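Remarks on the structure that follows.
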Amino acid sequence: MKLELRFFASLREALGVGQENIEIPVSIHTIAELRVYLAQRGGAWAEVLADGKSMRCALNHHMVDTSTRLEEGAEVAFFPPVTGG
């Protein structure tokens, strides 16, 4: 499945990337599973996306929780718990 990932504010700074197009394994179905998959990259990815780290997520510009199922071609965005304007 192909996705467009976006990272905002302190997440973008820590990871050194604001957006990425990615193809994920067919075994990944939810945002929570995507987060675990990305954390397996290690380094900053493991630290920023670690289980228990608070963050918000959006799927196609709609705020969702991590149990939300992914869709082919979707935009998945990750935000720190509080962002400024």
Side-chain angles (χ1 to χ4, degrees):
M1 176 183 316
K2 293 181 181 180
L3 301 172
E4 182 178 350
L5 306 180
R6 294 189 179 266
F7 302 95
F8 291 91
S10 61
L11 301 179
R12 178 183 61 231
E13 293 169 15
L15 296 173
V17 63
Q19 78 176 53
E20 175 183 357
N21 292 315
I22 186 173
E23 187 157 345
I24 60 171
V26 295
S27 60
I28 298 173
H29 303 285
T30 66
I31 292 177
E33 292 170 348
L34 173 62
R35 186 173 166 177
V36 169
Y37 175 75
L38 294 172
Q40 291 173 352
R41 291 176 167 179
W45 293 89
E47 184 178 326
V48 169
L49 300 172
D51 192 32
K53 289 274 192 162
S54 182
M55 69 180 60
R56 300 190 66 195
C57 305
L59 181 70
N60 294 327
H61 304 274
H62 297 281
M63 299 308 288
V64 296
D65 63 43
T66 58
S67 66
T68 301
R69 291 188 66 82
L70 297 166
E71 305 166 359
E72 175 69 37
E75 177 189 273
V76 181
F78 294 94
F79 305 85
V82 177
T83 60

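Given the structure is predicted, the values throughout are model-derived calculations rather than measurements.
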- Query: Relative to each other, are the rings of W45 and F7 parallel, tilted or perpendicular (30° and 60° limits)?
  - Reply: perpendicular
- Is there a path of hydrophobic side-chain contacts, each under 4.5 Å between heavy atoms of I, L, V, M, F, W or Y residues, that connects L11 with I22? yes
- Query: Considering all heavy atoms of both residues, which atom of F8 and which atom of P80 are nearest to each other, and what is their separation?
  - Reply: O-CD, 3.4 Å
- Query: Is L70 linked to V36 within one hydrophobic cluster, defined over Ile, Leu, Val, Met, Phe, Trp and Tyr using a side-chain heavy-atom separation of less than 4.5 Å?
  - Reply: no
- E4 CD to Q19 CD distance, which is reported to the nearest 0.5 Å: 5.0 Å
- Task: Check whether any side-chain N or O of E72 sits under 3.5 Å from a backbone N or O of K2 as a donor-acceptor pair, and report yes or no.
- Result: yes
- Give the minimum heavy-atom separation between T66 and T30, together with the two atoms involved. O-CB, 3.7 Å
- What is the minimum heavy-atom distance between E23 and Y37, and which atoms define it? O-OH, 4.3 Å
- Item | Sidechain N-carboxylate O distance under 4.0 Å for E71, R69 | no
- Item | Heavy-atom donor-acceptor pair, R35 side chain to L49 backbone, under 3.5 Å | yes
- Nearest heavy-atom neighbours spanning M55 and V48: CE-O, 3.3 Å
- Output the distance between atom CD (E33) and atom OG (S67), rounded to the nearest 0.5 Å. 10.5 Å
- Between L59 and I24, is there a shared hydrophobic cluster once you connect ILVMFWY residues whose side-chain heavy atoms come closer than 4.5 Å? yes
- Task: Treat each ILVMFWY residue as a node, draw an edge where side-chain heavy atoms are under 4.5 Å apart, and state whether V76 and M63 are in one component.
- Result: no
- Near R56 CZ, under 6.0 Å, is it more than 12 heavy atoms from other residues, nucleotides or ligands? no
- Message: For D65 versus I31, what's the shortest heavy-atom pair and its separation?
- Response: O-CD1, 4.2 Å
- Task: Identify the heavy atoms of I28 and M1 that sit nearest to each other, and give their distance.
- Result: O-CE, 4.4 Å
- Item | More than 12 heavy atoms from other groups under 6.0 Å of CG on N21 | yes
